[in-house]
Amino acid sequence: MCSKGVKNRSGFKFNGLNEYTISDESFAFSPEKTFECGQCFRFNRTASGSYEGVLDGRLVSVSGKNGYAKVTVIEGPCDLDFSGYLDSFFDVSTDYSKLSSELSAKDDVMKEAVTASFGIRLLRQDFFETVISFIVSANNNIPRIKKCIESICLNYGKNIGGKAFAFPVAETLSKVSGEELAKVCRVGYRGPYIANTARLFAEGKADFEKIKALSLSDKYKTVLSFPGVGPKVLNCIMLFSGLDRSAFPVDVWVERMMNELYGLKDTDRNKLEKYGKEYFGDNAGLAQQYLFYYIRQIHGK
DNA sequence: AACCAGGATCAAC
DNA sequence: GTTGATCATGGT
């Protein structure tokens with residue numbers, strides 16, 4: 001693979017100013033599909049077709065296509081370390097072309113889903129932000145989830161220049177009452193869940209590095225113990241924070257998908273989750289995301 | 001005006 | 001272990 005250390009490091013390269021780029025024909029990437037497939041909530045399309053969002057305390061603009069990506073820092077520091085953050089965030093080391101062809105071979109439904117969804121990358125997102133975001137997502141719709149999260153950032157996050165705000169740190173959120181969160185950020189009954197889970201983080205009882213070191217089943221048990229986290233939100237957190245790429249979240253859309261596309265009559269989401277994990281194995285997470293994007297596209301979302 | 005959205009929680013069985 | 005009511009909010 002790597003020939004005696006003379007090869008440049010693969011992944012994002014820093015241009016010394018404010019741009020980070022990756023150019024590699026095996027880098028499967030669609031900004032639109034990646035940012036609009038429901039795995040993240042803070043990236044929005046701009047007039048030029050690029051996507052703007054906040055990452056690691058910086059406001060960035062992302063553009064690209066298969067084989068190429070460019071990240072421009074609009075607000076915040078530009079340092080060499082950020083290229084490593086981007087490698088992790090965009091899961092650069094995973095070969096999505098390879099995984100996609102493996103999934104396509106499973107069945108015709110999956111084959112169509114891959115065709116519709118190719119270019120999605122499973123992001124490796126900040127753990128605390130992912131936990132809080134998916135607590136907000138429960139029994140909620142994507143446009144409103146995004147509004148709630150932006151409000152949380154605007155009211156309790158650090159300003160990083162212009163009108164951009166970072167996702168708040170746990171110490172800050174833990175001092176806000178659930179009632180205030182409900183009133184100010186319109187999160188409804190999820191307010192106390194957010195406050196209490198943020199408290200766990202602030203008290204050091206939800207340390208990502210420690211959780212990462214646990215066995216897979218203990219990771220699941222620990223995250224499931226957070227207030228406001230049930231089976232579905234649990235799987236989203238595992239998948240989108242990079243803790244387990246074989247997670248298989250089943251929401252109303254995935255249930256609909258498995259009923260309509262796979263002909264399964266079951267409506268028990270725990271059973272559907274088990275089925276998905278067994279059927280797709282190690283790649284269940286990516287399969288789920290392809291199918292989620294695909295079924296929503298069929299229904300005009 | 002009911003119904004829906006990337007569901008979780010608690011009580012009751 | 002499984003089922004049902006209840007939980008805010010805003011859009012359709």
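In the text below, chain A, chain B and the rest are named by the order of the sequence lines, each starting its count at 1. All figures in this text were calculated on a predicted structure; none of them were measured in a lab.
- Between the side chain of A:Ser133 and the backbone N or O of A:Thr130, no donor-acceptor pair lies under 3.5 Å.
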task = Show your working on side chain to side chain donor-acceptor pair (under 3.5 Å) between A:Lys106 and A:Asn283 and close with a plain yes or no.
result = CA-CA 11 Å; A:Lys106 290 293 281 185; A:Asn283 296 323; over 6 Å; no
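- Of all nucleotides listed (B:dA5, B:dG7, B:dG6), B:dG7 comes nearest to the side chain of A:Arg269.
- With hydrogens and angles left out, the side-chain atoms of A:Lys277 and A:Asn235 include a donor and acceptor closer than 3.5 Å.
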Return the polar atom pairs (N/O with N/O) between nucleotides 1-3 of chain C and the protein under 3.5 Å, or none.
none

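- Stacking between A:Phe292 and B:dG6 is present: the aromatic ring centre lies within less than 5.5 angstrom of the base six-membered ring centre, and the two planes differ by under 30 degrees.
- Residue A:Val250 is out of contact with every strand shown, counting any heavy-atom pair closer than 4.0 Å.
- Under 4.0 angstrom from either OP1 or OP2 of B:dG6 there lies at least one side-chain N or O belonging to A:Arg296.
- Mapping A:Arg256 and A:Leu234 onto DNA chain B by nearest heavy atom places A:Arg256 closer to the 5' end of the strand.
- Side-chain atoms of A:Gln125 come within 3.5 Å of backbone N or O of A:Gln39 as a donor-acceptor pair.
- No donor-acceptor distance shorter than 3.5 angstrom exists from the side chain of A:Ser88 to the backbone of A:Gly84, with no hydrogens or angles considered.
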inquiry  = Could you walk me through whether A:Tyr262 and A:Asp107 satisfy the side chain to side chain donor-acceptor pair (under 3.5 Å) test, starting with their C-alpha distance in whole Å, then the side-chain angles of each, then the deciding distance to 0.1 Å, before giving a yes or no?
reply    = CA-CA 10 Å; A:Tyr262 278 90; A:Asp107 59 69; 3.0 Å; yes
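- With rounding to the nearest 0.5 Å, the separation of CG in A:Leu239 from CD1 in A:Ile237 is 11.0 Å.
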note = DNA chain C in dot-bracket form (Watson-Crick or G-U pairs under 3.5 Å, [ ] crossing, | inter-strand) is |||||||.||||
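- A distance of about 22 Å separates the C1' atoms of B:dG6 and C:dA5, rounded to the whole Å.
- Each of A:Pro227 and A:Arg144 was assigned the nucleotide of DNA chain B with the nearest heavy atom; the assignment lying further toward the 5' end belongs to A:Arg144.
- Comparing B:dG6, B:dG7, C:dG11 by their closest approach to the side chain of A:Ile145 singles out B:dG6.
- Across residues 183-194 of chain A, A:Arg186, A:Gly188, A:Tyr189, A:Arg190 each have a non-hydrogen atom less than 4.0 Å from an atom of DNA chain C (numbered order).
- For A:Ala138, counting side-chain heavy atoms from C-beta on, the closest listed nucleotide (C:dG10, B:dA8, B:dG6) is B:dA8.
- In summary, the side chains of A:Tyr275 and A:Asp266 do not present any donor paired with an acceptor at a separation below 3.5 Å, with no hydrogens or angles considered.
- Linking ILVMFWY side-chain heavy atoms closer than 4.5 Å, directly or via other members, places A:Tyr85 and A:Phe128 in two distinct hydrophobic clusters.
- Judged by distance alone, with hydrogens and angles left aside, A:Gln289 brings a side-chain donor or acceptor within reach of the base of B:dG6, the pair sitting under 3.5 Å.
- With A:Arg121 contributing its side chain and A:Phe90 its backbone, the two residues share a donor-acceptor pair below 3.5 Å.
- For the pair A:Arg58 and A:Phe82, the cation sits on the ring face: its NZ or CZ lies under 6.0 Å from the ring centre, inside 45° of the axis.
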